[in-house]
Student: 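Okay, here's the structure, questions in a sec.
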Amino acid sequence: ITIDQGFEIVLDTKKKDQYVSKGRLNHLTKFSFKNLRDFFGGDHLVKKITQRDFQKYLRSGSWSIVTKNHLLRTSKTYFNTLQDAGHIGLNPLQKLKPIPLDRAREYEIFKVKEVRAILNQCLVEKNYSFLAAFVLVLYCGCRVGETKKMNWEDIRCWDKPPSVRVTESVSKKTKKLRPRTTQIPPNAQCWLRFCYKNYTENRTEKIIQIS
């Protein structure tokens, strides 16, 4: 069978899987499978693709290591599905392993005086949005990406007990972090009291308004 015929078989199989979303199918069609087709051609026979051919394909694009590993993973799914359906004998990518990621960068932990300097500078500039965002990240267990999507009303600083609400749309329901409510510690409350005016006037607005 050709690559295009293989795509139809794989997509039809995935459509029957209740755990595969429409977004996932759309991504396979417009990115993962599209790149494979652009390199080899839609009429290329699947059985003629070797491990070496696929490695050339990965080297052909200026993709990051994460993207290349994604293409490898989705292509393995493609070949596995065709193998299970009896269209090919073996998966040519079976022995290919993910590309090791670059060594993680080393991070330094802020000293107390450095944290205080950052927060004090927000007060000097009257930038209460950034002050609130820094406090949420430094003291309340929120991720940077989450604070950019949170509204002022998600900070329940004047409730008893004070807490921060991270909704499902904010957390994206990731594997490790799900919608949650965390308590605001006393040191964070001391800084958030400066944001009271912004909180009361912009409850339904995002904390961070710029990119």
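All values below come from the heavy atoms of this structure, side chains included, with hydrogens, waters and symmetry mates left out. The first residue in the sequence is number 1, and the count goes up from there.
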Student: With respect to N91, which candidate in N80, D84, T81 satisfies the side-chain hydrogen bond (donor to acceptor under 3.5 Å, both in side chains) definition?
Tutor: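 Considering N80, D84, T81, a side-chain hydrogen bond (donor to acceptor under 3.5 Å, both in side chains) with N91 is found only for N80.
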Student: Keeping N69 on the side-chain end and V66 on the backbone end, is there a donor-acceptor pair under 3.5 Å?
Tutor: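 Here the side-chain-to-backbone pair does not exist.
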Student: Test side-chain contact (heavy atoms from CB on, under 4.5 Å) on E153 and T204; report intermediate values, then the result.
Tutor: CA-CA 6 Å; E153 63 184 358; T204 59; 4.0 Å; yes
Student: If two hydrophobic side chains count as joined below 4.5 Å and joins carry through other members, does I88 share a cluster with L45?
Tutor: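 Each belongs to a different hydrophobic cluster.
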Student: Can you get from V144 to F134 by hopping between Ile, Leu, Val, Met, Phe, Trp and Tyr side chains that sit under 4.5 Å apart?
Tutor: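 No, no single cluster joins them.
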Student: Going by atom types alone, do T77 and T74 pair a side-chain donor with an acceptor below 3.5 Å?
Tutor: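 Checked: T77/T74 side chains show no N/O donor-acceptor pair below 3.5 Å.
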Student: Do L96 and Q51 come within less than 4.5 Å of each other through their side chains, counting heavy atoms only?
Tutor: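 A side-chain contact exists here, since the closest heavy-atom pair is under 4.5 Å.
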Student: Is there a side-chain contact between R116 and V112 in this structure, where contact means two heavy atoms from C-beta onward sitting under 4.5 Å apart?
Tutor: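 Yes, their side chains come closer than 4.5 Å.
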Student: Looking only at atom types and distance, does a side-chain atom of R24 sit under 3.5 Å from a main-chain N or O of S21, one as donor and one as acceptor?
Tutor: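 Side chain of R24 to backbone of S21, a donor-acceptor pair under 3.5 Å: no, none is there.
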Student: Nearest 0.5 angstrom please: Q121 CD to L131 CG, how far?
Tutor: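 Rounded to the nearest 0.5 Å, the CD-CG separation comes to 11.5 Å.
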Student: Would you call the rings of H44 and F40 parallel, tilted or perpendicular if under 30° counts as parallel and over 60° as perpendicular?
Tutor: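 Tilted: the ring planes of H44 and F40 meet at 30° to 60°.
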Student: From L138 CG over to N187 CG, what is the distance, rounded to the nearest 0.5 angstrom?
Tutor: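 That separation rounds to 9.5 Å.
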Student: Are any side-chain N or O atoms of Q5 and backbone N or O atoms of T2, one a donor and one an acceptor, separated by less than 3.5 Å?
Tutor: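 Answer holds: yes.
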Student: Could you give the distance from OG1 (T67) to CD1 (I99), rounded to the nearest 0.5 Å?
Tutor: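 Here the rounded value is 10.0 Å.
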Student: Hey, does L136 have a side-chain heavy atom less than 4.5 Å from the side chain of I207?
Tutor: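 Counting from C-beta outward, I207 and L136 do come under 4.5 Å.
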Student: Do the side chains of R180 and E146 get close enough for a salt bridge, i.e. N-O under 4.0 angstrom?
Tutor: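 Yes, charged N to carboxylate O under 4.0 Å.
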Student: So how far is it from I65 CD1 to L58 CG, rounded to the nearest 0.5 Å?
Tutor: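 Reported value, rounded in 0.5 Å steps: 11.5 Å.
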Student: Do side-chain atoms of Q83 reach the backbone of G89 as a donor and acceptor pair under 3.5 angstrom?
Tutor: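 Such a contact is found between Q83 side chain and G89 backbone.
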Student: Hey, is the main chain of A117 close enough, under 3.5 Å, to the side chain of N120 for a donor-acceptor pair?
Tutor: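 Not a single qualifying donor-acceptor pair exists.
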Student: Less than 4.0 angstrom from a charged side-chain N to a carboxylate O is my criterion; do D12 and K16 meet it?
Tutor: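 So D12 does not pair with K16 through a salt bridge.
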Student: May I ask whether I184 and V137 are part of the same hydrophobic cluster, defined by side-chain heavy atoms of I, L, V, M, F, W, Y residues being less than 4.5 angstrom apart, directly or through others?
Tutor: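 Different hydrophobic clusters.
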Student: Quick one, V115 with K113, criterion side-chain contact (heavy atoms from CB on, under 4.5 Å). Give me CA distance, side-chain angles, the key distance, then yes/no.
Tutor: CA-CA 5 Å; V115 171; K113 64 178 182 180; over 6 Å; no
Student: Taking atom CZ of F39 as the centre, report whether more than 12 heavy atoms of other residues, nucleotides or ligands fall under 6.0 Å from it.
Tutor: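 Buried by this count: over 12 neighbours within 6.0 Å.
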Student: Taking the side chain from K34 and the backbone from T29, do they hold a donor-acceptor pair closer than 3.5 Å?
Tutor: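 The answer is no, because no donor-acceptor pair under 3.5 Å joins these two groups.
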Student: Closest heavy-atom contact between S129 and W152?
Tutor: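 What the structure gives for the nearest pair is OG-CZ2, 3.9 Å.
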Student: Which atom names give the shortest non-hydrogen contact between G41 and I3, and what distance separates them?
Tutor: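 Closest heavy-atom pair between G41 and I3: O-CD1, 3.6 Å.
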Student: Out of curiosity, D154 CG to T147 OG1, how far, rounded to the nearest 0.5 Å?
Tutor: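 Going from the CG atom of D154 to the OG1 atom of T147 covers 11.0 Å.
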Student: Please check if atom CZ in F31 has more than 12 non-hydrogen atoms from other residues, nucleotides or ligands closer than 6.0 Å.
Tutor: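 Yes.
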Student: What closest approach, in Å, do F7 and R37 show between heavy atoms, and which atom pair accounts for it?
Tutor: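 Minimum heavy-atom contact is CE1-CB, 3.6 Å.
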Student: Are Y196 and W191 near enough that their ring centres are under 6.0 Å apart?
Tutor: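 No - the distance between ring centres of Y196 and W191 does not fall below the 6.0 Å cut-off.
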Student: Would you mind reporting whether K206 and M150 have side-chain heavy atoms less than 4.5 Å apart?
Tutor: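 A side-chain contact is absent here, since even the closest heavy-atom pair is not under 4.5 Å.
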Student: Apply the test ring-ring contact (aromatic ring centres under 6.0 Å, His included) to residues Y78 and F33: give CA-CA distance (whole Å), side-chain angles for both, the deciding distance (0.1 Å), then the verdict.
Tutor: CA-CA 9 Å; Y78 172 79; F33 291 171; 5.5 Å; yes
Student: With sequence neighbours excluded, tell me which residues meet salt bridge (charged side-chain N to carboxylate O under 4.0 Å, His left out) with R73.
Tutor: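 Per chain and number, R73 pairs via salt bridge (charged side-chain N to carboxylate O under 4.0 Å, His left out) with no residue.
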Student: With a 4.5 Å heavy-atom cut-off, do L11 and L25 have their side chains touching?
Tutor: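 Yes - at least one pair of side-chain heavy atoms lies under 4.5 Å apart.
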Student: Are the side chains of S75 and S32 in contact, using a 4.5 Å heavy-atom criterion?
Tutor: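 Contact flag for S32/S75 side chains = no.
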Student: Side-chain heavy atoms under 4.5 angstrom apart, residues restricted to Ile, Leu, Val, Met, Phe, Trp, Tyr: same cluster for L123 and F130?
Tutor: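 They do share one cluster, since a chain of ILVMFWY contacts under 4.5 Å joins L123 to F130.
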Student: Check each of H70, K68, K76 against L72 using the side-chain contact (heavy atoms from CB on, under 4.5 Å) test, and report the only one that passes.
Tutor: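 Per the side-chain contact (heavy atoms from CB on, under 4.5 Å) rule, the option paired with L72 is K76, out of H70, K68, K76.
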Student: Grab the two heavy atoms, one from G6 and one from I1, that are nearest each other, plus how far apart they are.
Tutor: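 Residues G6 and I1, closest heavy atoms: CA-CD1, 4.0 Å.
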Student: Do W63 and N35 come close enough that some side-chain heavy atom pair is under 4.5 Å?
Tutor: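 Yes, side chains in contact.
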Student: Can you see which heavy atom on I155 is nearest to which on A132, and at what distance?
Tutor: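 Closest pair (atom of I155, atom of A132, distance): CD1-CB, 4.3 Å.
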Student: I'd like to know if the side chain of N198 reaches the main chain of Y128, judged simply by a donor and an acceptor atom lying under 3.5 Å from each other, with no hydrogens or angles considered.
Tutor: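 No, because the side chain of N198 does not come within donor-acceptor range (under 3.5 Å) of the backbone of Y128.
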Student: After noting the C-alpha distance and the side-chain angles of S163 and T182, does the key distance pass the side-chain contact (heavy atoms from CB on, under 4.5 Å) rule?
Tutor: CA-CA 5 Å; S163 61; T182 58; over 6 Å; no
Student: Distance from E201 atom CD to R203 atom CZ, nearest 0.5 Å?
Tutor: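 It is 12.5 Å, given to the nearest 0.5 Å.
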Student: Do F79 and P92 have side chains that approach each other closer than 4.5 Å (heavy atoms only, starting at C-beta)?
Tutor: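 Yes, their side chains come closer than 4.5 Å.
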Student: Return the minimal non-hydrogen interatomic distance between E205 and Q209, and the atom names on each side.
Tutor: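 Smallest interatomic distance, heavy atoms only, reads CB-NE2, 3.7 Å.
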